[in-house]
Structures are given as C-alpha cells and as structure tokens.
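Here is the structure we will look at, set down as structure tokens.
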Amino acid sequence: MAIPNVRIPSRQLYIDGEWREPVKKNRIPIISPATEEIIGEIPAATEEDVDIAVEAARRALARDDWGSTTGAQRAKYLRAIAAKILERKSELAKLESLDCGKTLFEAAWDMDDVAASFEYYADLAEALDSKRKTPVDLHLDSFKTYVLREPLGVVGLITPWNYPLLMATWKVAPALAAGCAAILKPSELASITCLELGEICREVGLPPGALNILTGLGPEAGAPLVSHPHVDKIAFTGSGATGVKIMTAAAQLVKPVTLELGGKSPIVVFDDIDNLDLAVEWTLFGCFANAGQVCSATSRLILQESIASEFLERLLLWIKNIKISDPLEEDCKLGPIVSSGQYEKVLKFISKAKDEGATILCGGERPQHMKKGYYVQPTIITDVNTSMEIWKEEVFGPVLCVKTFKTEEEAIELANDTKYGLASAIMSKDVERCERFTKAFQTGIIWFNCSQPTFTQLPWGGRKRSGFGRDLGEWGLENYLNIKQVTQYTSVEPWAFYKSPSKV
Ligand SMILES: NC(=O)c1ccc[n+]([C@@H]2O[C@H](COP(=O)([O-])OP(=O)(O)OC[C@H]3O[C@@H](n4cnc5c(N)ncnc54)[C@H](O)[C@@H]3O)[C@@H](O)[C@H]2O)c1
Ligand SMILES: C[N+](C)(C)CCCC=O
Ligand code: NA
C-alpha cells in the first residue's frame, strides 16, 4: 500500500527511558481503517511489563532528577516536548490519520492542541512552585499550619483511540507538571503517535521512568495497571463499560479513579436563531466531526417544530458538501470509522433504528464510491421516539437523530432525557433563555451557539454515566496532586489535657 510521505516507525515499549521488547514478545497488527490493510504493528504489553514499568516509575520518584524537581524544572521538559510536537506536527498528523482514520486537517488541529496543552501545563507547573506550601492562618498562638500540594505518586493513564495523542496529553501533561511518574496505556486501536511521544521524551532527556508507555490490549496491559498495588491512581478516558470494570477493580484497593466516559449529548435549536446556516453548520460539526467518534458529539438534535422542515432541508443541502474520502486527501471532511468492529456497531445501530420504526432521512450506508475502508455516510434519523435505542445509546459514528419540540419545558425535558451528562448545546439569540438552559442542563459542558470548541484552560468532564472528575484547566492538575496538611504545635507550654506528674 502506498503511504504518502510517512513511514510508520517500528517501536517497542517505552520503559525507564528506553525502548524495551515486551517480556512475552507479542505484537498487535495496525490495520488501516481507510484500506483495511495491515500497515504496521505495535508491541503488546502484559502484566510482566506493567510490573517493570511500575518499578521504573517508582525509582523515578525516588531519584532527585525527577522526584526532587521544582515545577519550573519540569516546565522545561514540558516546553521541550511541545516544541518537538510542533517540529514533527505534519508527520505526527499523518501517522494519526493513518492509524485512526481521522482527517488530516483534524489530526493537524489536534497536534496544535497537544502542543498547547504541554505549554499550558508548563505554565501551571511553574505556578505550582509558589503554591506548593500554603500557610493557613488559624489566628491561634499555639499552632502553625500549612497545606502541602505534592505529586500523588505513580499514576496509570488509560486512554481511547478517538483523539489518540490529545486524550493521552490531557493526562500526561498535568501528571508530569504535578511531578508524578506516569504509565500511559493508549488504545490498541491507535497507539502510533503515543509511542512517538516516547521517542520525543527520550530526545528531550525526560528523566527515565517519569513517563512509561505501554501499548497493548485492555485486559492484558490496562487491567494489571488498575490492580497494581503500587499504582496510586487511575485516570481513564473511554467507554462506560470499561469504566465500570476499572472502577470495580480499583475499588478493591480503594484506589482513586477519574472517569471520562461517553455521552449522548443534545443540541437544542430554537426558531429565534438569526442565522439558520450558522446553526446548521454547528449542528453538522457537532455530530459529524471526527466521523462522529467524539465523546461530546451532540448527536441528538432537538429542533423547534416551527423551523423543523426548513432546518432539515438546509442540513441536507450542507451534507452534500461533506467530502468523504481517504482521510489523507485534501479537503476530506469525513474519514472512516476506526475499526471493523466499530464500523459494524455503527451499521447495527442504524439498522436497529429502522427496525424500531425510525426514518433514515439521509445516509445510513457505506458511501458507494468508497470500495474499501470502514466508511459510513453522514446519517440523519427522524421519526425517533424516546424509547428507541438510537435516542438512548452512544453510537460513536456519524449518526444524528432528531426530535422536535414546541415549548422550552419540552426541550429541557428532552435534552436531559439521557443517562449521560457530558455536554449540551443550545442555539438561540435569547441570552436569558440560554442562561435558563445553563442551569437546567445536567451536564459538565455547555455550548451556546456552537458545539465542540474546547479550550485547554476550561474544565472538561461530565456527570451521571459520563463519569466524574475533570481533565484540563487547573482541575486537570489537581487530579495528580496529593493534599497534605501539616499542623505544628508552637507553644512551649504542655498541652495540659492530662495531669502532669511534675505538678502533683
Ligand atoms: N469523556 C471524555 O472525555 C471522552 C473522550 C474520548 C472518548 N470517550 C469515550 O471513549 C469511548 C471510545 O473509546 P474506546 O472505544 O477506546 O473505549 P474503551 O473503553 O474500549 O477503551 C479505552 C481504553 O481502555 C482500555 N481497556 C479496555 N478494557 C480494559 C480493562 N478491562 N482494564 C483496563 N483498561 C481497559 C483500552 O485498551 C483502551 O486503552 C467512547 O465511549 C467515548 O465516548 C470519552
Ligand atoms: C473537544 N474535542 C477536541 C472534540 C475532543 C473531545 C474529546 C472526546 O472525545
Ligand atoms: Na489503528
């Protein structure tokens, strides 16, 4: 197969600052979602490798070159990583596009975000130095107290395939900024760029063991990390089903977890919007960007009845302009689904919706011009009711389902009619109404007159079955800090709770 201008490096596991063959020497093929061909392979770690990596991480924390660094020193490593990401941006974007089918344009966007996240957490690492020890004034003569913010220890970071390097970075950058030693376990479906992060860490001289990267299958490489007694925390992004397994396993050791899980987010469109096309474009972007494989995809369109037919007609016109092609082709706006398994799942959701009586307004099939690869047309489904699977479950593909409403109350009820709670969007020019929806939406992220724009400074995460904890912003850093209180008795007088024998 001709791979344009990029070679997929053959890597081993990144442990203790070195490339290391997995103990069991197993490897996993990389299958191109665009061509269905094998284009490379990644190492497959098992429990034995997890043990070696955890040891390396613990040693890093015990060594001065990592365990005693200041935030300012760690910031230098983070900035050096950011610079290398930008230096290799176009190659990394191509690798990621080949690996998970993301359009080249989106992959390049993600690499900018990756570099920006490392830069951002470099700033927070520096700022941490002055916040490391915070006195707390009790207004008492006999006690002096302070609070220490310390690295939490060895952290396990388990991440998905939809934004492979970006989702890893949302955890790696703050974990390193905090001074933790980390073990990253990326998804077996898209690990290439995460392994390249290993090479970048090696090149910038990140102290050995500060970051270890173990590729491999979830049950073989992820599960042993979760149940390892010397891993102090697990930060996970992925599906709800895996989230439950991770929380259950971590509970046996009372190990803290943060869970960033899936969603079925609503976009509510009111008839007072000034610009129909603006709302139409955000609706498309909110559901079809990254071929709909976005945790926060606004995949339920809740549309005011009075504009429903006009809005849907415009959507259909705009959809015709979405170029579906090999993701590396210029102007591609919709690439393939990541794997055959996910592709089959998406098609099954569509056929179940049909069986349950919904109407496929457009799409619903493989695009005829794509003979190979896991491509699905952008799909809009109408005549949906709230008991249908397509309304309730996360599809993780380019599938938008639509329901109409008459009143604001009805719109709120429909928006919150989900077990998930990651994101919500509202399109309306009425600012007060938007404020009312902000209060009413049961989600961690709210977009007004847009869907999906994400900024590193802001907290990212959900509630209900979308999980708990926050990535990004200062909240992302808190995930990796241990808060320790120190209370000092400063009086020279005895405490005098017991009777002193010297006074008897
Ligand atoms: N909320 C968010 O921020 C966010 C962001 C991106 C993706 N997601 C969600 O991720 C899901 C898609 O990602 P996915 O299919 O890669 O998820 P997944 O749960 O299948 O896999 C995620 C990671 O968990 C690992 N894993 C699997 N079984 C494991 C086990 N038993 N123990 C430990 N680790 C295990 C996998 O190898 C992978 O690295 C979607 O549901 C999506 O909504 C959420
Ligand atoms: C905000 N982004 C860039 C779409 C990333 C969302 C992460 C979840 O899938
Ligand atoms: Na892949």
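Along the sequence shown, residues carry numbers from 1. The model shown is predicted, which means the values in this text are computed figures rather than measured ones. In listed order, ligands and their atoms are each counted from 1.
In plain terms, the two heavy atoms of Lys185 and Gly218 that are nearest each other are NZ-N, 4.1 Å. Taking all atoms of both residues into account, the shortest heavy-atom contact from Leu214 to Pro186 is O-CD, 3.4 Å. Here the shortest heavy-atom pairing between Ile337 and Tyr343 reads CG2-N, 3.5 Å.
Remark: Arg470 fails to qualify as a cation-pi partner of Trp460 under the 6.0 Å distance and 45° angle criteria applied to the six-membered ring. Figure legend: cation-pi geometry between Lys245 and Phe236 absent, as NZ or CZ is not positioned both under 6.0 Å from the six-membered ring centre and within 45° of its axis.
For Lys24 and Glu220, the salt-bridge test fails: no basic side-chain N is under 4.0 Å from an acidic carboxylate O. Ion pairing of Asp232 with Lys255 is absent here, as no side-chain N (NZ or NE/NH1/NH2) approaches a carboxylate O to less than 4.0 Å. Lys333 has no carboxylate O lying under 4.0 Å from a charged side-chain N of Glu106, or vice versa, which leaves the two without a salt bridge. Ion pairing of Glu389 with Lys352 is present here, as a side-chain N (NZ or NE/NH1/NH2) and a carboxylate O approach within less than 4.0 Å. Ionic pairing of Lys25 and Glu21 is present here: one or more N-O contacts between side-chain nitrogen and carboxylate oxygen are shorter than 4.0 angstrom.
To the nearest 0.5 Å, atom CD1 of residue Ile322 and atom CZ of residue Phe285 are 11.5 Å apart.
Within 4.0 Å of ligand 2, contacts by protein heavy atoms are made from Asn162, Tyr163, Met167, Val294, Cys295, Gln452, Thr454, Trp460. Closer than 4.0 angstrom to ligand 1 lie heavy atoms from Ile158, Thr159, Pro160, Trp161, Asn162, Met167, Lys185, Pro186, Ser187, Glu188, Gly218, Gly222, Ala223, Phe236, Thr237, Gly238, Ser239, Thr242, Lys245, Ile246, Glu260, Leu261, Gly262, Cys295, Glu394, Phe396, Leu422, Trp460.
Distances under 3.0 Å from the Na ion (ligand 3) pick out the protein N/O/S atoms Asp99 O, Asp99 OD1, Leu189 O.
Arg463 pairs by the salt bridge (charged side-chain N to carboxylate O under 4.0 Å, His left out) definition with nothing, not counting sequence neighbours.
Ring centroids of Phe455 and Tyr120 are separated by 6.0 Å or more, keeping the two rings apart.
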